[in-house]
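Below is one structure, written out as structure tokens, with a few remarks after it.
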Amino acid sequence: MTQKLLFVCLGNICRSPAAENIMNHLIARAGISDRFICDSAGTGGWHVGAPPDRRMRAAAKERGLDFVGSARQFEAMDLREFDLILAMDRDNYRNILALDPQGKFAHKVKMMCDYCETYPDKEVPDPYYGGADGFNYVIDLLFDACRGLLKSLS
Ligand code: 4NP
């Protein structure tokens, strides 16, 4: 059975594409790519069509990873399409659930940091207005959360 995972942040150019690419990396390394489909989206539409932020790609490159993708906006249909929707912060979580007024799909929506095993964070901090340190931190945090998520699903 294929599990469809959707990672969601605000702009879909920093945190959620990082989560998607890191998850795909861990899944490929485990040899179980046939069991998962990963995607990402932003609750905002300002960056639609854009690749991951160059600072995020630079931080990834330092670890030998190539982050790929093209930003898109989260839409109500995603609640139906995906099995699990991972919000990077509480605003994202609220904005996702705002598209599900009857709460039919609320059980599919989780906070990404619920899967952290080492990091104490409750949210993935938005690195957009900060320096390179913020991007490196987000990658380390997301590796922790993605490892935990993969364990919980396999
Ligand atoms: P992301 O970061 O939500 O992790 O992709 C942001 C990207 C863009 C903006 C804010 C956060 N923005 O305001 O344009």
Side-chain angles (χ1 to χ4, degrees), residues 1-45 47-53 56-57 59-60 63-127 135 137-154:
M1 194 194 74
T2 306
Q3 300 189 70
K4 295 184 73 178
L5 315 179
L6 182 66
F7 301 91
V8 179
C9 62
L10 176 59
N12 193 211
I13 53 171
C14 298
R15 293 165 292 173
S16 62
E20 175 192 352
N21 278 274
I22 289 167
M23 194 66 182
N24 275 329
H25 169 74
L26 295 177
I27 288 167
R29 211 171 57 183
I32 50 176
S33 297
D34 55 324
R35 284 167 44 188
F36 295 94
I37 291 173
C38 298
D39 192 8
S40 64
T43 58
H47 300 280
V48 167
D53 187 284
M56 187 53 91
R57 280 186 283 133
R63 294 142 201 264
L65 299 173
D66 270 317
F67 282 1
V68 296
S70 170
R72 72 169 180 90
Q73 189 165 14
F74 182 82
E75 53 188 356
M77 184 76 88
D78 290 318
L79 288 158
R80 206 175 278 285
E81 280 291 308
F82 286 85
D83 300 306
L84 187 59
I85 297 169
L86 290 312
M88 298 299 124
D89 66 31
R90 291 187 191 93
D91 283 340
N92 309 146
Y93 183 83
R94 266 193 297 275
N95 287 323
I96 293 164
L97 290 184
L99 295 180
D100 179 27
Q102 297 181 338
K104 265 169 73 178
F105 305 105
H107 61 283
K108 297 184 180 184
V109 186
K110 308 281 184 205
M111 291 290 288
M112 187 68 190
C113 285
D114 287 355
Y115 297 92
C116 281
E117 297 185 315
T118 304
Y119 281 67
D121 303 64
K122 296 295 177 209
E123 304 180 281
V124 182
D126 185 349
F135 289 86
Y137 186 83
V138 164
I139 291 181
D140 290 334
L141 172 59
L142 286 174
F143 259 98
D144 185 35
C146 284
R147 278 194 203 96
L149 176 60
L150 189 54
K151 272 190 207 167
S152 86
L153 297 175
S154 51

Is it true that a side-chain atom of Asp144 and a backbone atom of Thr118 form a donor plus acceptor pair closer than 3.5 Å?
-> yes
Roughly how far, to the nearest 0.5 Å, is CG of Asn24 from CD1 of Ile37?
-> 10.0 Å
Taking all heavy atoms of Phe67 and all of Pro52, pick out the closest pair and write down the distance.
-> O-CG, 4.0 Å
Any ring-ring contact (aromatic ring centres under 6.0 Å, His included) involving residues 78-126? Give me the pairs, sequence neighbours left out, ordered by first then second residue.
-> Tyr119-Tyr137
One should read off an interatomic distance between Ser152 OG and Lys110 NZ, to the nearest 0.5 angstrom, of 9.5 Å
Got Leu6 and Leu86 here, is their nearest side-chain heavy-atom distance under 4.5 Å?
-> no
Check the pair Ile85 / Ile96 against side-chain contact (heavy atoms from CB on, under 4.5 Å), numbers first and verdict last.
-> CA-CA 9 Å; Ile85 297 169; Ile96 293 164; 3.9 Å; yes
Evaluation steps, salt bridge (Lys or Arg N to Asp or Glu O under 4.0 Å), between Asp78 and Lys108 | CA-CA 11 Å; Asp78 290 318; Lys108 297 184 180 184; over 6 Å; no
CG/Leu149 to CG/Asp114 distance, rounded to the nearest 0.5 angstrom?
-> 10.5 Å
Minimal non-hydrogen separation, Arg15 against Met88, with atom names = CB-CG, 3.8 Å
Should Asp39 and Arg72 count as an ion pair when the cut-off is N to O under 4.0 Å?
-> yes
Taking only residues two or more places apart in sequence, or in another chain, which ones meet Asp53 in a side-chain hydrogen bond (donor to acceptor under 3.5 Å, both in side chains)?
-> Arg55
Decide yes or no for Gln3 and Leu153: does some side-chain heavy atom of the first lie under 4.5 Å from some side-chain heavy atom of the second?
-> yes
Start with the C-alpha gap between Asp100 and Val109, add the side-chain angles, then the distance that decides, and say whether side-chain contact (heavy atoms from CB on, under 4.5 Å) holds.
-> CA-CA 11 Å; Asp100 179 27; Val109 186; over 6 Å; no
Within the distance-only criterion (no hydrogens, no angle test), does the side chain of Lys4 pair as donor or acceptor with the backbone N or O of Leu84 below 3.5 angstrom?
-> no
So, do Asp34 and Thr2 sit near enough that their side-chain heavy atoms are less than 4.5 Å apart?
-> no
Asn92 versus Phe74: any side-chain heavy-atom pair under 4.5 Å?
-> no
Are the side chain of Glu123 and the backbone N or O of Arg90 linked by a donor-acceptor pair below 3.5 Å?
-> yes
Check Leu141 against Val124 and note the closest heavy-atom contact, atom names and distance.
-> CD2-CA, 3.9 Å
Give, for atom CD of Glu75 and atom CD of Glu81, the distance between the pair rounded to the nearest 0.5 Å.
-> 9.0 Å
In sequence, state the C-alpha distance, the side-chain angles, and the governing distance for Ser154 and Arg35, and then conclude on side-chain contact (heavy atoms from CB on, under 4.5 Å).
-> CA-CA 9 Å; Ser154 51; Arg35 284 167 44 188; 3.4 Å; yes
Could you give the distance from CG (Leu142) to CD1 (Ile22), rounded to the nearest 0.5 Å?
-> 5.0 Å
Nearest 0.5 Å please: distance from the CD1 atom of Ile27 over to the SG atom of Cys146.
-> 8.0 Å
Shortest non-hydrogen contact from Gln73 to Gly44?
-> NE2-C, 3.8 Å
For residues Asn12 and Gly42, report the shortest heavy-atom separation together with the two atoms involved.
-> CB-N, 3.3 Å
In short, Ile139 meets Arg63 closest at the heavy-atom pair CG2-NH1, 3.5 Å
Should Arg147 and Lys151 count as side-chain neighbours, where that means a heavy-atom distance under 4.5 Å?
-> no
Heavy-atom distance under 4.5 Å between the side chains of Val68 and Asn21, does that happen here?
-> yes
